[in-house]
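A note on names: the letters A, B, ... follow the listed sequences, proteins ahead of strands, and every chain is numbered from 1.
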2 protein chains.
Amino acid sequence: MLNHVRALRKKHGMTQAALAEAMGVSRNTINSIEVGRYVPSLPLALCLARFFGKPVEEVFDDQHEQSSSHNL
Amino acid sequence: MLNHVRALRKKHGMTQAALAEAMGVSRNTINSIEVGRYVPSLPLALCLARFFGKPVEEVFDDQHEQSSSHNL
DNA sequence: GCAGTATGTCAAGCATACTTGGCACATTGG
DNA sequence: CCAATGTGCCAAGTATGCTTGACATACTGC
């Protein structure tokens, strides 16, 4: 699951900690999503997309994900 | 987390079992999402939205959710 | 009455999202 | 030199998405 969280966050001039607080999650959660350790929940994905003013599909690329085969 | 999965599924003339198979998940998963027992993962939400030809935001309403207070 | 289909729900188990708290490293500026 | 800031990562614990398998209900048509 590719995502553009890091690029969008930097475009907003925010740190991981600041974005985390804005989303109501921990810094570790934002960091883990940015580096691809796991994919966010739907509520968090909606929250991030809304925050960045973009549709969820533009922030998260489920199509050409590189990661290991089986999804969900 | 409100969603329009049931309405969209019926609009496609499908059963829960058929939609489940199309999404690659169990019937129980589709049923649980429709009746609001839990919200789907982001990959499944993207898959459902893509299947119905709608943006994720139109299938899942995070804004006016009725469910129990704290999110994520 | 009985079989088949569609739905709702439960329990137990596994996978994973998210938490707190901590540590390491690099960069920057006093 | 030293402190502060930003980032990456780890461990252990909790919450929840998803699974299989099963059972109950209702409806339909033979």
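- The separation between B:Glu21 atom CD and D:dT19 atom C1' is 16 Å, rounded to whole Å.
- Contact between the side-chain N/O atoms of B:Ser26 and the OP1/OP2 oxygens of D:dT19 is found at a separation under 4.0 Å.
- Here the C1' atom of nucleotide D:dA15 and the OH atom of A:Tyr38 are 13 Å apart, to the nearest Å.
- Atom CD1 in B:Ile30 sits roughly 14 Å away from atom C1' in C:dA6 (whole-Å rounding).
- Using a 4.5 Å heavy-atom cutoff, the side chains of A:Glu21 and A:Arg27 are not in contact.
- Each of B:Ile33 and B:Arg27 lies near DNA chain D, and the nucleotide nearest B:Ile33 is the one positioned closer to the 5' end.
- Taking side-chain N and O atoms only, A:Gln16 has no distance below 4.0 Å to OP1 or OP2 of D:dT5.
- Counting any heavy atom pair closer than 4.0 Å across all strands shown, B:Thr15 reaches sugar-phosphate atoms only and no base atom.
- Using a 4.0 Å cut-off, no side-chain N or O of A:Ser32 falls inside it from OP1 or OP2 of C:dA17.
- Set against D:dT7, C:dT19, D:dG17, the side chain of A:Arg9 has D:dT7 as its closest nucleotide.
- Between B:Met14 and B:Asn28, the one whose closest nucleotide on DNA chain C sits nearer the 5' end is B:Met14.
- Spacing between atom CG of B:Leu42 and atom C1' of C:dC18 amounts to 15 Å, rounded to whole angstrom units.
- Per the geometry, CD belonging to A:Glu34 stands 14 Å off C1' belonging to D:dC9, to the nearest Å.
- Grouping the Ile, Leu, Val, Met, Phe, Trp and Tyr side chains by contacts below 4.5 angstrom, directly or via other members, places A:Leu44 with A:Tyr38.
- No side-chain heavy atom of B:His12 sits less than 4.5 Å from a side-chain heavy atom of B:Leu19.
- Counting heavy atoms from C-beta on, the side chains of B:Phe52 and B:His4 never come closer than 4.5 Å.
- Comparing D:dC9, C:dG8, D:dC18 against the side chain of B:Val35 picks out C:dG8 as the nearest.
- With a 4.5 Å cut-off on side-chain heavy atoms, A:Phe60 and B:Val56 do not count as touching.
- Atom pair A:Leu44:CG and C:dA17:P shows a separation of 11 Å (rounding to whole Å applied).
- Rounded to whole Å, the distance from CG on A:Leu48 to P on C:dA17 is 14 Å.
- One can place CG of A:Asn31 at 5 Å from C1' of D:dG8, the figure rounded to the nearest angstrom.
- Residue B:Arg37 has a polar side-chain atom (N or O) positioned under 4.0 Å from OP1 or OP2 of C:dT9.
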